[in-house]
Each structure stands twice: as structure tokens, then as C-alpha cells.
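Okay, so here's the structure we're looking at.
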Amino acid sequence: MAIGFSILSKAVDVYKFVTDCQEAADTERLALGFLPEAAYQQAAEQGKLFVAVSSGGAYLGHLMFGGVFPYVRVMQTYCVAECRHLGVGKSLISTLVSWAETRGYLSITARVASDLVAANKFYENSGFETVRSERGGKVRNRTILTKVLDLDTPNLFDLMGDQRQASVPSLGLKSAFSGATPLYAIDLNVLFDFSKKRPREKEAREVLKAALNHEFQAALTDEFSKELLRTSYNPDDDAMLELCSLFSTIPDVSDKDDLRKLKVLQEDLARIVFPDRARSETLTKQDNSDLRHLSLCIIHAANGFITSEKAILRARDRLLESYHLDVLSLSDFAENYDDGDSRVKEFRSDEITSVDISIVDAKTVPKAEIENFFDIVLLSEELRSVFFKGLAGLAGAHCQAVKEGKNLVAVMSWKTERRGRSTTSVKLVASENSGNTKAVVDGLLGKLCESLSRVAPAIIELEIPVGHAKTREVALSLGFRPDDEDRVSRTVFHKIAYGKVITNKRWPEFRADLIAIAKIKLPEQPPKYESPNQIIEYLDAEDALKQVSIAELEALLSPLILLLPSRDGVIVPIRRTYADDLLGTSDQFSLLGEHSASIHSSRVYYCKPNKTIQPHSVIIFYESSAGNGRSSAVAIANATQVRELTSAQIAVETNRFGVVRHSELKNIGKSSRKLTLLCSSIVKFNDIVPYNKLCKLGCNNGARFVTATRISHNELLKVVAAGGLNGANG
């Protein structure tokens with residue numbers, strides 16, 4: 001039977017089919033579970049409900065989805081019985097794939113009960129891979145399969161050169177923090193839905209569960225907290241206030257520049273969110289409150305806002321396009337509940353504050369525990385074999401494991417092989433169900449790149465299981481690029497970890513290495529440094545002229561610092577008590593609640609505000625004498641991001657990446673504002689450079705390095721040479 005149909009996605013077209021979608025889904029509760037009508041309405045508001053209709057306008061099926069960027073989560077796919085096997089469901093999935101890829105999403109996930117044979121076959125035929133198996137609710141006693149489709153997102157990752165030669169790609173980093181958890185502000189109505197047991201209590205609870213599982217970092221604007229305090233009958237015994245105290249706070253603004261920015265933002269947002277009332281100048285008090293919350297989110301670089309407000313949901317695409325602020329509804333987190341099945345997790349504060357992650361030698365982990373972990377992630381027999389060879393230490397293979405408390409959450413095996421130039425083959429499997437997956441992967445791969453590149457440039461080939469989207473996201477952010485022959489499944493990646501400080505003298509060697517490794521020809525002479533965004537022209541493997549910025553090149557070949565002619569540096573002080581964590585000198589680490597910096601490949605250094613340090617400054621770390629410090633320069637790094645923030649902003653935005661505990665920030669200068677430096681490509685000196693030696697090299701300006709001290713390009717080269725970094729002496 002041939003049938004003509006089309007897929008509707010715009011809210012204005014989908015609204016009239018919301019009831020059809022709900023009624024159709026309710027006929028298949030065993031397969032699709034139950035969602036309230038409001039979930040369908042909110043999905044329609046956001047453009048996250050696709051409806052298939054016949055040429056005559058009759059309802060044929062729908063697809064409803066949600067999720068936190070960059071992961072799409074399918075909640076329902078339905079097709080009327082007489083139209084199954086006619087391409088309606090396939091067309092709905094294809095529409096979703098196109099929608100997600102054009103917006104830079106990395107994967108689509110669907111959860112399907114194992115006994116639903118037809119549904120499982122449909123997803124498998126649509127290219128989904130089963131990546132996890134877990135028990136469902138006690139009432140149905142089902143096994144739930146998680147299926148994932150990896151997406152191709154070239155708009156996020158512009159490739160340069162010839163991928164078949166494992167060349168260096170260009171990558172527009174979405175976030176300065178690889179492995180960062182997105183920050184979402186929560187509308188008070190969401191919390192009231194939960195605490196006052198309103199009709200949408202279950203959906204609100206799912207939002208809080210997602211926060212507990214570190215799918216996002218939950219925050220409230222300062223105004224929300226003040227409003228709650230004002231309206232509380234008993235602040236000393238208020239469950240809502242206690243709940244809100246668990247979240248980060250997005251602070252209000254007070255200085256003149258921020259207040260001006262806030263006013264302009266609110267006016268712009270009013271035209272987007274409430275266009276009619278903005279034109280007629282009839283904005284309500286609640287409208288202005290909503291606009292202020294959105295403006296604060298934008299000013300403080302929050303990733304998104306979770307709300308039930310229809311006008312804000314309708315403005316999602318404009319807010320995302322204009323201000324990079326996503327808007328999520330409760331329907332993005334909705335779960336399809338089996339009748340009588342309660343999978344609601346108790347909300348406990350200790351689950352937010354108690355996190356313990358450690359890297360251990362995998363040989364110390366019982367084999368049965370590792371096998372159980374591999375069963376949970378449905379690891380292929382081929383990859384299992386590789387990991388167990390690594391565990392046995394066969395042919396020079398190594399193997400590490402990561403534990404979250406007592407639970408195994410990741411295993412990584414690597415082995416250096418001779419293939420013309422030495423290549424290190426890495427296999428990595430991490431639980432995509434852990435809230436700390438991205439931090440774990442970032443820590444493992446970042447430390448491995450640093451270690452492998454200490455002696456010579458490292459060529460790394462990484463293989464991950466199909467459908468492991470979080471692992472893939474972090475690998476891409478660290479400069480790993482997909483193998484051209486494996487673009488469909490996105491499981492094999494390459495990276496060059498250069499591991500050097502490149503001076504004028506070392507440029508010919510650097511250039512020759514890139515020709516040999518990646519078939520890329522940089523200019524014969526190093527360019528004079530002007531800015532991090534300065535463009536370097538190069539020839540790719542086909543001798544086509546291409547361009548890359550200095551900042552991109554450093555990120556993609558990290559760890560790498562280009563000390564090009566005229567690039568100067570800054571010496572900053574650091575206490576020994578913080579140096580080990582910041583500079584990554586410890587082989588093992590723990591992640592304990594607020595103090596989590598050491599697990600990340602990029603870490604934040606705090607100091608007093610000053611104008612000496614600019615973005616992409618080359619930083620020399622001087623370990624002071626305080627606390628048995630060595631009074632010596634000990635490492636070099638690239639300050640890829642430099643921002644002046646208040647202590648409140650630091651608590652929201654950078655605290656997890658800083659080695660100074662938030663409670664200790666008050667000891668850094670008298671000002672409430674601190675300078676935050678996101679440091680990457682951290683390279684430890686082979687030889688520390690004592691204070692007296694630094695003075696002889698002309699670096700001391702009389703301040704004894706108690707504050708940031710700028711040094712010239714020539715002085716910087718002398719310090720690097722004295723530090724014994726690969727013979728770099730200008």
C-alpha cells in the first residue's frame with residue numbers, strides 16, 4: 001500500500017495533534033509507558049515533537065524527544081498500525097537525525113524493553129547500537145536496553161588536511177573546559193512542582209535526578225533564593241530553602257558596566273520572548289522577573305534554563321542562536337512510567353557532595369569485577385580480549401582502571417607499536433551512565449597524552465565502543481579526530497600529542513615532524529607572534545593552501561606551546577600545597593566533592609586581579625617558599641582563558657577546575673574579585689630554576705615574584721632553557 005505523508009515539526013503545525021499523540025501513545029502503554037498531557041504540550045512548544053500526517057492531514061504517528069545538549073533522548077516513537085512498514089517511522093527518525101546534526105548534537109539515545117521485539121528491530125534497522133543493559137522496574141521485571149546512534153556533526157568540527165593521513169584537524173571548541181558539565185539554571189516553578197507535589201511532581205523529580213547524576217550542574221539565580229527567603233514562613237525549618245542550598249547560585253550584578261549590560265539584555269530578550277507585550281510596553285512584573293533571570297544566565301555564561309514558561313520555551317531557537325542559551329522543559333527529562341512501577345530515586349544531599357574517584361592499576365581489580373563491568377556496557381568480545389591482554393601485561397601492554405567509590409566506571413589499555421613511526425594504540429571503555437564520565441575520560445586521556453609526549457611527539461590511535469557519546473565528545477575536545485575509514489560508527493580516532501615548547505630554534509624540527517607525521521607543511525620560518533587568533537598558512541597533503549590559528553594549533557597538538565618570536569611571558573607565584581594538583585605531578589588523584597581540579601586536563605589558577613596577564617599568555621609557575629616551597633620556577637603552561645570573576649561567580653563557573661578550595665579564595669588578595677586562568681598544555685620543567693638563577697637571567701623586577709611579573713621573549717627563552725625542556729634555548 002503506497003501512502004503520501006509529511007513530517008510536521010513547527011509548533012504552530014504540531015499543536016493541533018497533541019491530543020492525537022497522547023491518545024495514540026496511551027493505547028501502547030506497555031511499550032511506550034505513560035506521559036502526562038503537559039509533556040506533549042511542552043515538547044510541541046520547543047519543536048521537540050514531530051508528527052507524521054497523511055496528504056489529507058490525518059495523524060499517522062509521532063516522535064517525541066528531549067535530552068541535555070549534546071545528547072538527544074527519544075522518549076516515544078509511534079506509528080499507526082496500518083502504516084507500519086511503510087517508512088513513516090524511518091522518516092521520523094531521519095528527520096530527527098537531520099535536526100540534531102544541524103544543531104551539533106553528538107548522539108541519539110533510546111531506551112527499549114528487551115521483550116519489545118518489533119521496537120528493537122526498528123531501532124536496529126535505523127542504525128542504533130545496543131550499548132547497555134539494565135534491570136527495569138520491579139513490577140514488569142523487564143530488561144531495559146539502551147540504544148545509541150552516533151551522529152556526524154561536521155558543523156562543530158571543521159576538518160583540515162587529509163584525514164587518511166591522520167592529519168591535524170581544526171576544532172572549534174564548544175567549551176574551554178573539556179569534560180565540563182553544563183550549567184543550567186532552574187526556574188522556581190520546577191522546584192515548587194516537586195516540593196508541593198503538584199501534578200508535574202514526577203517530571204520535576206526527574207530533573208533533580210538528572211542533576212544528581214551530574215547530567216548538568218543545577219543552579220538558581222540569586223533573586224530566586226532571595227524570593228524564597230522573603231516568602232518563607234520559617235527560614236530555619238524550610239524544606240524548600242534546604243533543597244535550594246544544595247545548588248550553585250548564579251549571582252546578581254552590581255557594578256555599573258554589568259548593570260548596563262543587564263538592562264540592554266533585558267530589552268533585547270523582551271523583543272524575543274514577549275514580542276507583543278514588548279511592543280505595547282505592557283510587560284508584567286512576572287515578565288520582567290523572567291527576563292532578568294534569563295539575562296543573568298547569559299551574563300554568567302550558563303548553558304541553559306529549565307522552565308515551564310511557554311513563552312520562553314517558544315523562544316528556544318532564537319535564544320540558542322543569538323545568546324547560546326538553551327531552554328529545556330520538564331519534558332526533556334520525562335520518564336515513561338510503567339503502571340504501578342516506581343523508579344523514583346530519593347533526593348539526598350549527600351549524593352551531591354560525596355564523590356570519590358580514583359585511578360588504580362587495573363591488575364589490582366578482581367577479574368570478576370572487570371568482567372561484570374564489561375557485561376554491563378555490553379563490550380564486544382574483540383575489545384574484551386584486548387583489555388585482558390593489557391591486564392596480563394602481554395607484549396608491553398598497560399592497563400588502568402577508574403573507580404567511583406567502590407564501583408568500576410572505566411578501563412583503559414594502551415600499547416606502543418612500531419608502524420613506521422611509533423603509534424600508541426589505546427582502547428578505552430567508560431560507563432556512559434556515570435555522572436562523572438566526561439571528567440574521568442578527560443583525566444585519563446589528558447594524562448596519557450602528557451605522559452606519552454614527554455620524550456617525543458606521540459601518535460595516538462584511540463578506539464572506543466560504538467555509541468559511547470560522552471567519551472567521543474571529550475576525545476574530540478582534546479584534539480582526537482575520527483578515522484576517515486570509520487566515519488559511520490565513529491569509534492576510531494587519531495591524535496598527535498607533541499609535548500614540546502617550540503622556540504625559533506626548534507621550528508625546523510617541529511615543521512619536519514608535522515610533514516612526516518601528518519603531511520602538513522608549515523611555513524619554513526616561524527611567524528612573528530601577534531595574537532592567539534593570528535592565522536598561520538600551511539599546505540595540506542594535497543598541497544592545497546589552508547589556514548589555522550595559533551590557538552587552534554596549540555589545542556590540537558596539545559600539550560604544545562609555541563614560543564614564537566616576540567611572544568613574551570608572565571611569572572606567577574604558586575604555593576607548594578597547590579602546585580602538585582595544578583601542575584599534575586601526582587600519578588593518582590581523588591575527586592572529593594568541591595575540590596576536583598586534579599582530574600581535569602585543563603585546570604584553573606587563581607590570583608589577584610591585574611592587567612599583566614592576558615588570554616593565551618605563556619605562564620611560568622614560580623613555587624614560593626611558603627609551606628616548604630622550593631623558591632623556584634617549576635613549570636610552564638598556556639593560559640587559554642583569563643577572566644576576572646567574583647567569588648560567587650567562581651563558585652558557579654570554575655570552582656571544580658581550581659585547586660584552591662572555594663573557602664580559601666578569601667586568602668588571595670583583598671578584593672572580592674579574582675583573576676582566573678584556565679591553564680592547558682601544562683609542562684613540568686625537567687630542572688627547577690631557583691630564584692637566584694631567575695635573577696641572573698634578568699627576570700626579577702624587585703617584587704620577588706609575589707605577584708605576576710611580566711618577562712620579555714628573550715627572558716622567557718632563557719628560563720625555558722634553564723628548565724631543561726627539550727633543549728629549548730631559542
Side-chain angles (χ1 to χ4, degrees), residues 176 501-504 528-534 550-551 554 558-576 578-579 582-584 602-626 629-645 654 657-660 668-669 671 673-685 688-691 693-723 725 728 730:
V501 177
I502 304 301
T503 63
N504 187 43
K528 183 179 178 180
Y529 185 82
E530 297 173 2
S531 78
N533 297 321
Q534 177 182 341
I550 289 174
E554 287 183 320
S558 64
L560 171 72
I561 300 174
L562 296 175
L563 293 189
L564 300 175
S566 297
R567 191 175 191 181
D568 54 16
V570 181
I571 299 179
V572 300
I574 188 170
R575 295 188 179 188
R576 185 162 193 171
Y578 304 130
L582 181 71
L583 306 179
S602 294
R603 303 167 206 121
V604 168
Y605 165 85
Y606 302 110
C607 63
K608 294 180 288 186
N610 63 74
K611 304 298 183 183
T612 303
I613 307 173
Q614 299 298 318
H616 289 274
S617 292
V618 175
I619 303 298
I620 299 290
F621 288 100
Y622 175 79
E623 189 180 288
S624 66
S625 60
R630 292 172 286 180
S631 301
S632 300
V634 295
I636 187 172
N638 191 358
T640 54
Q641 185 186 90
V642 178
R643 301 170 65 198
E644 189 175 309
L645 302 175
T654 69
F657 299 86
V659 300
V660 178
I668 300 176
S671 171
R673 301 180 73 88
K674 315 297 177 187
L675 200 65
T676 66
L677 281 61
L678 179 68
C679 299
S680 62
S681 290
I682 299 170
V683 181
K684 184 181 174 185
F685 283 170
I688 63 173
V689 186
Y691 173 78
K693 177 71 172 178
L694 291 171
C695 292
K696 289 180 181 179
L697 296 177
C699 298
N700 191 6
N701 63 0
R704 299 185 64 87
F705 309 121
V706 296
T707 187
T709 303
R710 180 163 291 281
I711 58 176
S712 69
H713 177 69
N714 287 334
E715 290 165 346
L716 178 58
L717 294 179
K718 291 175 183 178
V719 175
V720 168
L725 290 185

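All heavy atoms count here, side chains included; hydrogens, waters and symmetry mates do not. What you see is a predicted model; the values in this text were computed from it and never measured.
- Between the Glu554 side chain and the Leu562 main chain, a donor and an acceptor come within less than 3.5 Å of each other.
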- Item | side-chain contact (heavy atoms from CB on, under 4.5 Å) evaluation trace for Phe705 with Leu694 | CA-CA 10 Å; Phe705 309 121; Leu694 291 171; 3.7 Å; yes
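- Annotation: the span from Glu715 atom CD to Ile620 atom CD1 amounts to 11.5 Å, rounded to 0.5 Å.
- Checking side-chain atoms of Arg575 against main-chain N and O of Ala626 turns up no donor-acceptor pair under 3.5 Å.
- Considering all non-hydrogen atoms of both residues, Ser631 and Ser625 come closest at OG-CB, 3.2 Å.
- Contact annotation: the side chain of Ile502 approaches that of Leu560 to within less than 4.5 Å [non-hydrogen atoms, C-beta and beyond].
- If you run side-chain hydrogen bond (donor to acceptor under 3.5 Å, both in side chains) between Tyr691 and each of Glu623, Arg704, Arg630, only Arg704 comes through.
- Side chains of Val634 and Lys684 form no contact here, defined as non-hydrogen atoms less than 4.5 Å apart.
- Within the 4.5 Å cutoff, side-chain heavy atoms of Val572 are placed close to those of Phe621.
- Inter-residue side-chain proximity for Phe685 and Val719 is flagged as met; some heavy-atom pair is nearer than 4.5 Å.
- Here the closest non-hydrogen pair linking Ser681 and Pro559 is OG-CA, 3.4 Å.
- Here the CD1-CG distance, from Ile571 to Leu716, works out to 8.5 Å after rounding to the nearest 0.5 Å.
- For the atom pair Ser712 OG and Asp568 CG, the distance stands at 7.5 Å (nearest 0.5 Å).
- Atoms CD1 and CG, from Ile619 and Leu677 in turn, are 5.0 Å apart once rounded to the nearest 0.5 Å.
- Closest non-hydrogen pair, Ala722 versus Lys693, comes out as CB-CE, 4.2 Å.
- For Ala708 against Pro573, the heavy-atom pair with the smallest separation is N-CD, 4.3 Å.
- Atom CD1 in Ile688 sits 10.0 Å away from atom OH in Tyr622 (nearest 0.5 Å).
- One N or O on the side chain of Thr709 and one on the backbone of Thr707 form a donor-acceptor pair closer than 3.5 Å.
- Taking NZ of Lys718 as the start and NZ of Lys696 as the end, the distance is 13.5 Å to the nearest 0.5 Å.
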